[in-house]
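Here's the structure we're looking at; comments come further down.
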Amino acid sequence: MEINGEFLEESVRELRQYFRSGSTRSVTWRKNQLTALLDLVHKNEDAISESLYQDLGKHPVEAFRDEIGAIGKSATYSLSCVEKWMAPKKSDIPLLFFPAKGEVLAEALGVVLIFSSWNFPIMLALDPLIGAIAAGNVVVIKPSEQAPACSSFLANTIPRYLDSNAIRVIEGGAAVSQQLLLQKWDKIFFTGSPRVARFVMSAAAKNLTPVTLELGGKCPAILDSLTNPSDFKLAVKRIVGGKWGPCSGQACIGIDYVLVEEKVSSHLVELLKKIVRRFYGDNPLESKVISRIVNKQNFTRLCNLLKDPLVAASIVHGGSVEEKHLFIEPTILLDPPLDADVMTEEIFGPLLPIITVNKIGESIEFINSRPKPLAIYAFTKDETLKRRILTETSSGSVTFNDTMVQFLCDTLPFGGVGQSGFGRYHGKYSFDTFSHEKAVMHRSLCLEIEPRYPPWSKFKLEFLRLAYKLNYFGLLLHILGLKRYK
Amino acid sequence: MESLQKKVVFDGEAASMMMKELRGSFGSGKTRSYEWRVSQVKALLKMVTDNEKQIIDALLSDLAKPPLETVVYEIGMFKNSCEVILKELKQWMKPEKVKTSISTFPSSAEIVPEPLGVVLVISAWNYPILLSLDPVVGAIAAGNAVVLKPSEIAPATSSLMAKLLAEYMDNSCVRVVEGAVDETTALLDQKWDKIFYTGNGRVGRIVMAAAAKHLTPVVLELGGKCPAVVDSDVNLQVAARRLISGKWGLNNGQACVSPDYVITTKDFAPKLVDSLKTELENFFGKNPLESKDISRIVNHNHFARVAKLLDDEKVSDKIIHGGEKDESKLRISPTLLLDVPHDSLIMGEEIFGPLLPIITVNKLEESFDLINSRTKPLAAYIFTNNKKLKEQFVKNVSAGGMLVNDIALHLIVPTLPFGGVGDSGTGSYHGRFSFEAFTHKKAVLYRGFGGDASLRYPPYTETKQRVMKALVSGGILSIIAALLGWSSKA
């Protein structure tokens with residue numbers, strides 16, 4: 001079946017018609033779909049793991065922790081909350097308008113498009129889908145072609161569990177994406193790189209389609225000199241887990257680089273080496289615990305980052321690459337040049353630069369001189385430093401003394417700011433992102449306020465002035481002719 | 001002595017320089033303090049209060065806007081916004097604590113509001129004071145530095161605002177750039193942290209496309225054809241008066257929330273038309289072209305545009321009231337049209353003027369499909385006492401906002417978000433929503449150094465896998481089961 005403009009136009013037309021029929025608005029439909037999605041994930045855990053292993057060499061535990069389990073949790077949470085989220089929210093109306101009633105209703109936007117990325121190809125397709133379904137929309141998912149096994153899995157499995165009248169998967173590469181962007185959507189949800197995001201938003205602008213852009217950035221980890229050695233060790237463990245754990249550094253909220261005081265840098269390097277060895281063995285390629293690089297293009301890009309002689313000279317651990325398996329071992333760099341590509345672009349790979357500063361407070365300026373990242377991590381017990389980081393830096397999120405786990409928190413909005421994107425999701429934020437919050441006010445036709453209408457007079461002007469200030473007493477005096485004019 | 005008046009051109013270079021200065025000011029941190037924000041909001045309040053007469057005069061010049069409309073809608077509504085901010089800003093600025101789940105135990109979390117940085121507000125000509133200052137005060141309340149680009153189509157108000165804001169506000173953080181297409185283009189080339197645009201869909205697309213280059217988020221407050229459905233079970237006089245004041249009483253129909261057209265039943269239409277005619281005369285007299293209680297059309301371009309809608313041969317025999325024009329005064333009398341064809345010009349675009357088409361249907365329920373077959377409007381209205389009809393209307397019609405049994409008042413309520421959907425825009429403001437429109441809500445998670453689970457880390461064993469599954473799923477029972485070595489998998 002050829003995916004061309006005509007086919008896509010017809011698909012969107014069918015989806016819109018189905019949306020208009022109202023089927024997706026009922027709470028029953030939404031709950032059924034969410035339940036079906038849970039079913040899909042539970043019954044196909046092995047197939048999902050297998051696809052993730054094929055596309056990225058992901059270990060089943062990583063696959064579960066970051067994708068399968070997380071989706072299950074998200075769908076379960078939405079299932080238990082969707083009815084509550086759908087309920088109108090009452091708004092207080094000033095007494096002046098008595099009798100009146102105000103509320104905000106969440107309304108489905110309509111036909112939405114989700115672009116997901118290749119690094120968490122199941123999670124980043126299904127998590128936004130959960131939000132779109134919960135909010136009552138019809139959806140097209142365009143999975144990344146760079147994770148072909150997962151894309152296939154989604155295209156083949158979703159129609160078996162979910163309502164195909166409302167939820168479709170369209171596979172393909174850039175050409176298909178371009179065709180999709182020519183259609184008129186009620187919302188586009190994009191996870192990926194800033195470069196493609198610009199393209200998506202420009203296309204959306206033609207139809208005034210609102211967008212959510214989940215991008216990335218160079219997420220720093222600030223490591224303060226922790227006096228308690230076991231705290232320091234724990235911090236380093238978490239940094240290792242937060243760097244190479246998620247898809248070998250190919251994660252939007254993965255740690256990109258570490259900032260640490262010069263005086264503890266060698267201790268840090270020693271510890272990092274030790275822990276890397278403990279987690280990943282002496283031969284990380286063999287231990288099969290770390291993902292591989294997604295494809296040749298990214299592999300070459302990462303190798304090139306290391307080719308710069310000054311960068312190569314800064315390697316203190318690792319550095320070996322294995323082209324056949326698209327594998328790069330965990331690599332640590334100590335103070336590579338700040339103008340090298342490895343420090344100016346988002347790494348998105350298993351290279352960890354350690355940048356040393358004299359005093360840890362300098363990290364703040366360092367971070368601020370770069371584009372706003374999706375996440376900032378800070379390991380510190382210093383309350384002043386914590387406060388400074390919070391108030392003087394800007395990022396999608398800040399996590400103290402850990403990495404990555406903010407992702408699991410359904411009550412926290414997940415999204416970027418500046419170059420790391422805009423819009424947010426997770427939990428209720430997913431529901432909101434695919435909803436229009438419609439303000440509804442009810443008035444009655446009795447109890448009229450005469451001074452509302454022309455012809456205008458001084459009396460009416462004064463009346464309205466007082467009304468605006470909600471100065472009810474003054475209004476009363478005015479009406480009774482007892483107020484003096486200025 | 002010859003004095004050379006050199007016109008200062010606001011070009012790309014000037015825009016760049018201004019941006020650099022504003023970024024410096026924002027970077028210094030001064031806009032973040034509660035004190036700075038409050039001082040600026042108070043300055044704006046003082047500014048409009050002290051200069052009420054000048055504002056009234058500027059709007060008389062730009063739009064012949066009746067002083068009462070200026071005082072109530074432009075100044076009054078804006079002052080309200082300021083008061084709401086002064087009352088609630090401290091609360092809005094506070095971090096919001098949120099619950100954390102067992103998956104991240106032990107932890108605590110909060111959402112911290114922070115300003116976006118340097119923002120651009122592009123405003124419109126029809127409510128040039130309100131639509132400039134209301135977003136600006138929201139931006140300031142949220143702690144941003146802000147540039148205002150007022151509409152050149154309301155020149156007296158534009159230059160008044162440029163003068164007054166320079167006089168009253170902290171110029172290192174709040175600026176006005178006057179001008180038209182060239183100046184706006186120069187501004188749009190810069191990298192803003194947010195752009196707030198009020199205007200039409202055509203320019204809205206240009207603004208969003210420019211914003212896309214820098215991945216700048218936008219709020220677009222646009223318009224659309226706002227329908228008003230009128231049922232026969234209503235108090236006709238009240239309904240007619242509210243329709244009239246919401247149409248011609250709001251800048252002579254030149255308002256994004258004015259009822260654009262009315263839908264009613266064939267049976268009821270004659271009664272509605274009679275009532276409208278009567279009340280129109282009560283409000284504006286026998287000679288509405290002379291009435292001082294109604295704004296004029298803003299300029300010749302718009303006059304020609306609206307006149308064309310009337311001159312369309314498809315509607316010439318549908319005019320049942322009004323239709324008089326006076327180009328020298330830029331006035332068109334309140335005009336009613338009955339059952340214009342759906343493919344007429346007047347039904348093809350937002351009227352934004354004093355013409356009110358009335359479309360009749362057999363049953364009011366037909367109006368829902370009629371409305372939904374068009375692009376989503378900024379507001380939709382219904383006049384009825386029929387509870388079921390109200391519910392169906394609210395449920396089935398999509399619009400930015402809705403009001404039952406009145407027009408436009410929902411704008412005055414600071415607890416309701418004001419914004420569009422689909423072609424009528426994206427984003428919202430008013431009250432707390434203004435603060436949020438210019439804020440980034442930063443997620444913050446606090447963890448400690450105790451309670452680390454080795455199961456997070458490789459090497460991955462069977463046990464670790466089991467416990468990990470339980471932890472991620474979050475159920476306390478499954479965690480216990482896993483720890484005790486029982487598998488949760490069947």
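Note: hydrogens, waters and symmetry copies are ignored here, and every other heavy atom, side chains too, is used.
Most heavy-atom pairs under 4.5 Å with chain B: of the set A:L213, A:T391, A:D410, this distinction falls to A:T391. Each of B:A209, B:G448, B:P217 has some count of heavy-atom pairs under 4.5 Å with chain A, and the biggest count is that of B:P217. When B:M402, B:K213, B:K441, B:Q237 are compared by the number of non-hydrogen pairs under 4.5 Å with chain A, B:M402 comes out ahead. The greatest number of non-hydrogen atom pairs below 4.5 Å with chain B, out of A:I93, A:L390, A:V104, A:D186, is found for A:L390. With respect to chain A, the highest number of heavy-atom pairs below 4.5 Å among B:K194, B:H410, B:M77 belongs to B:M77. Across B:G400, B:G204, B:S245, B:G76, the residue that shares the most heavy-atom pairs under 4.5 angstrom with chain A is B:G400. Options B:G401, B:G422, B:G201, B:S398 differ in how many heavy-atom pairs under 4.5 Å they form with chain A, and the most are formed by B:S398. Most heavy-atom pairs under 4.5 Å with chain B: of the set A:V405, A:T76, A:V240, this distinction falls to A:V405. Between chain A and the residues B:V218, B:I111, B:T100, the largest count of heavy-atom pairs under 4.5 Å involves B:I111.
B:E114 touches chain A through its side chain: at least one heavy atom from C-beta onward sits under 4.5 Å away, while N, CA, C and O do not. Residue B:K376 touches chain A through its side chain alone, counting heavy-atom pairs closer than 4.5 Å. No part of B:K79 comes within reach of chain A, as not one of its non-hydrogen atoms sits under 4.5 angstrom from that chain. Of the atoms belonging to B:N80, it is side-chain heavy atoms, and not backbone ones, that fall under 4.5 Å from chain A. Contacts of B:V234 with chain A are made by both backbone and side-chain atoms, with heavy-atom separations under 4.5 Å. Heavy atoms closer than 4.5 Å to chain A are found in the side chain of B:K390, but not in its backbone. Using a 4.5 Å cut-off between heavy atoms, B:F284 touches chain A through its side chain atoms alone. With a 4.5 Å cut-off on non-hydrogen atoms, A:P94 touches chain B through its side chain but not through its backbone. Residue contact with chain A, scored on non-hydrogen atoms closer than 4.5 Å, involves the backbone and the side chain of B:A211 alike. For chain B, the nearby part of A:R20 is the side chain; its heavy atoms alone come within less than 4.5 Å. Only the side chain of A:L105 comes within contact range of chain B, with at least one heavy atom under 4.5 Å from a heavy atom of that chain. Within the 4.5 angstrom heavy-atom criterion, only side-chain atoms of A:K184, from C-beta onward, approach chain B. Only the side chain of B:T426 comes within contact range of chain A, with at least one heavy atom under 4.5 Å from a heavy atom of that chain. With a 4.5 Å cut-off on non-hydrogen atoms, A:T403 touches chain B through its backbone and its side chain both. Interface residue B:E110: backbone and side-chain heavy atoms are both found under 4.5 Å from chain A. Neither the backbone nor the side chain of A:I71 comes within less than 4.5 Å of any heavy atom in chain B. With a 4.5 Å cut-off on non-hydrogen atoms, A:Y429 touches chain B through its side chain but not through its backbone. When heavy atoms are compared at a cutoff of 4.5 Å, B:N235 approaches chain A by way of both its backbone and its side chain. Of the atoms belonging to A:L215, it is side-chain heavy atoms, and not backbone ones, that fall under 4.5 Å from chain B. Residue A:K206 touches chain B through its backbone alone, counting heavy-atom pairs closer than 4.5 Å. Of the atoms belonging to B:S428, not a single heavy atom falls under 4.5 Å from chain A. Only the backbone of A:T209 comes within contact range of chain B, judged by heavy atoms closer than 4.5 Å. If you measure heavy-atom distances from A:Q406 to chain B, the contacts under 4.5 Å come from both the backbone and the side chain. Interface residue B:L220: only side-chain heavy atoms are found under 4.5 Å from chain A. Contact of B:N282 with chain A is made through the backbone alone, with heavy-atom distances under 4.5 Å. Neither the backbone nor the side chain of A:F414 has a heavy atom closer than 4.5 Å to any heavy atom of chain B.
Annotation for B:L416 and A:E103: closest pair CD2-O, 3.7 Å, computed over non-hydrogen atoms. In terms of heavy atoms, A:T393 sits closest to B:K442 at O-NZ, 3.0 Å. The minimum heavy-atom distance between B:T216 and A:M201, with the atom names listed, is O-CE, 3.1 Å. Between B:P458 and A:V289, the closest heavy-atom pair is CB-CG1, 3.4 Å. Heavy-atom minimum distance, B:H214 versus A:Q419: O-OE1, 3.5 Å. Between A:S395 and B:H440, the closest heavy-atom pair is O-NE2, 2.8 Å.
Looking at heavy atoms from C-beta onward, A:H442 lies out of side-chain contact with B:N405 at the 4.5 angstrom threshold.
Using bins of under 30°, 30° to 60° and over 60° for the plane-to-plane angle, the ring pair A:Y453/B:F283 lands in the parallel bin. Between A:H59 and B:Y460, the ring-plane angle classifies as tilted under the 30° and 60° cut-offs.
When atom types are taken as modelled, the side chain of B:T415 and the backbone of A:D92 share a donor-acceptor pair closer than 3.5 angstrom. Side-chain atoms of A:D231 never come within 3.5 Å of backbone atoms of B:F449 as a donor-acceptor pair (strictly under, hydrogens ignored). A distance-only check finds a donor-acceptor pair linking the side chain of A:N401 to the backbone of B:R447 [under 3.5 Å].
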